[in-house]
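Below is one structure, written out as structure tokens; the observations come after it.
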Amino acid sequence: QVQLVESGGGLVQPGGSLRLSCVASTSIFGIYTMSWYRQAPGKQRELVALITSGGTPNYADSVKGRFTISRDNAKNTVYLQMNSLKTEDTAVYYCKSSRSTLPGALGSWGQGTQVTVSS
């Protein structure tokens, strides 16, 4: 399995920005599909953004235009730039790696990082 460590979460006011990072412990990071999920209190975990090994991104409709997923293969890192944050974005954000572009594919998960959007 791949070990993943997220960072960058915290408390931010509505309209603010945060940048999440996820570092992977694998020598073949470049072949993995990487994704960000989030889970809010009382809700199911949902896919937020995905980026393929080729660098093609996809986003949930709720974050499209506000969030940007990117990857730096030289640093074994995937990022989630979150702008124009809303209170509805409050959740624990998880990083996932898999060898498939399918959202439901088996893979490795990070421990999560808390994002709280509040005034």
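Quick caveat, the model's predicted, so the values are computed rather than measured. Just so it is clear, the values below take in all heavy atoms, side chains as well, and ignore hydrogens, waters and symmetry mates.
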Name every donor-acceptor pair, under 3.5 Å, that has one atom in a side chain of residues 46-57 and the other anywhere in the protein, sequence neighbours excluded.
from, atom 1, to, atom 2, distance (Å)
E46, OE2, R38, NE, 2.8
E46, OE2, R38, NH2, 3.4
T52, OG1, G54, N, 3.3
T52, OG1, G55, N, 3.4
T52, OG1, T56, N, 3.1

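Y79 meets the ring pair (Phe, Tyr, Trp, His ring centres under 6.0 Å) test with no other residue; sequence neighbours excluded. Judged as a side chain to side chain donor-acceptor pair (under 3.5 Å), and not counting sequence neighbours, the contacts of S17 are N83. Applying the side-chain contact (heavy atoms from CB on, under 4.5 Å) rule to I28 yields the partners T26, I31, Y32, R99; only residues at least two apart in sequence or on another chain are considered. Under the side-chain contact (heavy atoms from CB on, under 4.5 Å) criterion, Q39 pairs with R45, Y94, not counting sequence neighbours. For S118, the side-chain contact (heavy atoms from CB on, under 4.5 Å) criterion is met by L11, T116, not counting sequence neighbours. K64 is linked by a salt bridge (charged side-chain N to carboxylate O under 4.0 Å, His left out) to D61, counting only residues two or more places apart in sequence or in another chain. Under the side-chain contact (heavy atoms from CB on, under 4.5 Å) criterion, V12 pairs with L18, L85, V117, not counting sequence neighbours.
For S84 against D89, the heavy-atom pair with the smallest separation is O-OD2, 4.5 Å.
Linking ILVMFWY side-chain heavy atoms closer than 4.5 Å, directly or via other members, places L4 and F29 in a single hydrophobic cluster.
Residue pairs meeting the disulfide (SG to SG under 2.5 Å) criterion with at least one member in residues 47-87: none, sequence neighbours excluded. Screening residues 109-119 for salt bridge (Lys or Arg N to Asp or Glu O under 4.0 Å) gives no qualifying pairs among residues at least two apart or on separate chains. Residue pairs meeting the salt bridge (Lys or Arg N to Asp or Glu O under 4.0 Å) criterion with at least one member in residues 69-81: none, sequence neighbours excluded. Screening residues 5-32 for salt bridge (Lys or Arg N to Asp or Glu O under 4.0 Å) gives no qualifying pairs among residues at least two apart or on separate chains.
Within a 6.0 Å sphere centred on CD of Q111, other residues, nucleotides and ligands contribute more than 12 heavy atoms.
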| query | Does the pair I69 and Y59 meet the rule for a side chain to side chain contact (heavy atoms under 4.5 Å, CB included), with working shown? | reply | CA-CA 8 Å; I69 188 170; Y59 302 94; 3.6 Å; yes

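The six-membered or imidazole ring of W36 lies away from that of F67, with a centre-to-centre distance of 6.0 Å or more.
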